[in-house]
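Single-structure report; data block below.
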Amino acid sequence: MTRAVRVRYAPSPTGHLHIGGARTALFNYLMARKSGGQFIIRFEDTDQSRHVEKAIDNQLDGLKWLGVDWDESVDIGGPYAPYRQMERLGLYQPFVDRLLADGNAYPCYCSEDDLEQERAKQEAAGEMPRYSGRCRHLTAEERAKFEAEGRKPSTRFKVPAGAMIRFTDRVREEVEFESDGIGDFIIARPDGVPTYNFAVILDDHLMDISLVIRGEEHLSNTPRQILLYQALGLTPPEFAHLSIILNQDRKKMSKRDESIIQFIQQYEELGYLPEAVLNFIALLGWSPGGEEEIFTKEAIIEQFDLSRVSKSPAVFDTDKLKWMNNHYVKKADLGRITALAVPHLQRAGRVPAELDAAAQGWVTSLVGLYQEQMNCASEIVELSEMFFTETVVFDEEAEAVLREETVPTVLSAFLKLVGPLSDAELSVETIQQSLKQVQKDTGAKGKALFMPIRVALTGQTHGRDLNQTIHLLGKTKIVDRLNRLLS
Ligand code: GLU
């Protein structure tokens with residue numbers, strides 16, 4: 001068993017739960033559950049310009065839906081509360097003061113305009129833009145002058161020159177950065193609100209986080225954070241940076257990528273099953289080895305190991321997700337799938353908003369008819385379309401079937417048998433018997449019998465169980481469709 005850990009997922013509350021965020025949260029969760037440690041969710045909301053109302057709920061709801069739970073956060077509290085940075089502002093100032101007092105940080109009076117000009121100059125000269133450090137060396141008088149002008153300084157961290165920052169990443173192994181590639185960076189804004197790199201190390205320290213698992217986009221922040229830990233005399237946690245996620249074209253998945261459904265809530269809305277989505281996300285960068293791909297959450301927890309998390313990018317394979325969800329849909333209880341499918345049929349105007357017992361029974365059978373085929377519950381609308389159309393649309397293959405000589409004989413023989421039956425009498429059994437009778441009456445059998453009837457009633461040459469399909473179509477539609485073809 002791995003050593004117990006304290007891990008955290010620390011989203012900035014800027015919107016819905018994204019696939020990337022869900023993967024980060026899940027891997028932290030797995031690590032905690034695997035080792036008997038704690039999983040903390042902390043909200044990094046110091047960038048108020050990007051703050052989105054409801055985003056905290058959206059994040060938590062998305063995780064709850066997936067089946068991920070946590071030990072400490074804004075909703076349930078915990079021994080290290082509060083779990084939102086804007087409620088922790090008072091905790092950061094002493095550390096700013098300490099860095100200033102030790103000469104590891106300094107006030108910076110540069111305005112946005114100053115910085116912009118500096119950046120433009122560096123870019124024009126083909127240099128990598130970074131802060132020149134001009135406020136590092138201000139004299140006491142110069143500072144006093146800026147203060148007198150009413151300029152409010154931000155606080156910048158003094159990045160030591162010529163240092164090599166090395167750390168062992170649990171996924172990427174040995175990583176090193178030169179401090180000379182990093183300009184002095186802002187740790188607190190003029191209003192005292194800390195920036196991400198500063199707040200994150202203080203919270204990770206104050207919350208006793210032992211391992212930081214996060215996306216690779218934060219790898220370049222890690223040397224900055226390690227320098228801050230060092231300047232404050234604190235021990236950094238361990239790090240594990242998860243590879244980026246690529247789309248099926250092997251391009252970096254961007255939030256605007258339309259080839260991928262990006263937000264967990266969208267999967268929920270489409271009627272995906274949370275255990276399938278969780279299974280799929282767990283495999284974005286992790287694999288226990290072997291061919292098997294279907295795992296329950298418990299099995300994943302048991303087998304999860306950071307040493308089996310890949311350094312290479314994960315590929316988001318939408319077809320695989322559909323296949324996986326279909327696997328879970330097939331195994332799921334019909335009542336559960338029906339409950340997920342009904343709202344989609346209602347929204348499409350296919351079934352009434354209130355279902356009486358008969359309608360409920362019918363719709364359950366309809367979903368049962370397609371359960372095997374459904375990748376997700378919303379697909380019921382398209383799959384079952386021909387049950388709701390006024391007329392049947394025939395494709396070329398279907399037209400060809402209907403041109404067969406024996407078709408009118410078969411269809412009228414069937415119509416003659418089912419026409420006089422009431423809807424209630426039109427059970428799967430009577431339909432089966434009628435089809436047998438048609439066989440006797442006309443001599444048509446096998447394909448020559450079933451195909452014309454299937455095509456006439458559904459417009460399709462392939463489909464689900466014929467008896468059940470006819471039964472669910474109901475008397476009016478059957479008679480109407482046969483009559484139309486025969487006339
Ligand atoms: N707030 C950061 C984000 O949403 C968290 C980064 C980290 O885990 O350190 O990307």
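All values below were derived from every heavy atom in this structure, side-chain atoms included, with hydrogens, water molecules and symmetry-related copies excluded. Order of appearance sets the numbers: ligands from 1, and atoms from 1 within every ligand. Bear in mind the structure is a predicted one, so any value in this text is a computation, not a measurement.
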What do we get for Pro11 next to ligand 1 when only non-hydrogen atoms under 4.0 Å count, side chain, backbone, both or neither?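 Backbone only; the side chain of Pro11 stays clear of ligand 1.
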
Checking heavy atoms under 4.0 Å, the part of Arg8 that sits near ligand 1 is side chain

Protein contact to atom 3 (C) of ligand 1 [nearest heavy atom, distance to 0.1 Å]: His218 NE2, 3.6 Å

Top protein contact for atom 5 (C) of ligand 1, by heavy-atom distance: Ala10 O, 3.1 Å

Mind checking whether Tyr272 and Tyr328 have ring centres under 6.0 Å apart? no

Would Tyr9 and Phe27 count as a close aromatic pair, with their ring centres under 6.0 Å? no

Pull out every atom of ligand 1 sitting under 4.0 Å from any heavy atom of Val200, numbered as shown with elements. 9 (O)

Proximal atoms of ligand 1 relative to Glu44 (non-hydrogen, under 4.0 Å):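 That gives atoms 1 (N), 2 (C), 5 (C) of ligand 1.
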
Side-chain (Gln262) to main-chain (Asp257) donor-acceptor, under 3.5 angstrom: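 Yes.
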
Has Arg464 got a side-chain atom pairing as donor or acceptor with Leu369's backbone, closer than 3.5 angstrom?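 Side chain of Arg464 to backbone of Leu369: a pair is present.
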
Can the positive tip of Arg156 be found less than 6.0 Å from the middle of the six-membered ring of Tyr131, inside 45° of the ring normal?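 Judged by the rule, Arg156 and Tyr131 form a cation-pi pair.
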
Take every heavy atom of Tyr9, measure it against each atom of ligand 1, and state whether any distance is under 4.0 Å. no

Does CD belonging to Glu258 count more than 12 external heavy atoms closer than 6.0 Å?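 Atom CD in Glu258 is not crowded, with 12 or fewer foreign heavy atoms closer than 6.0 Å.
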
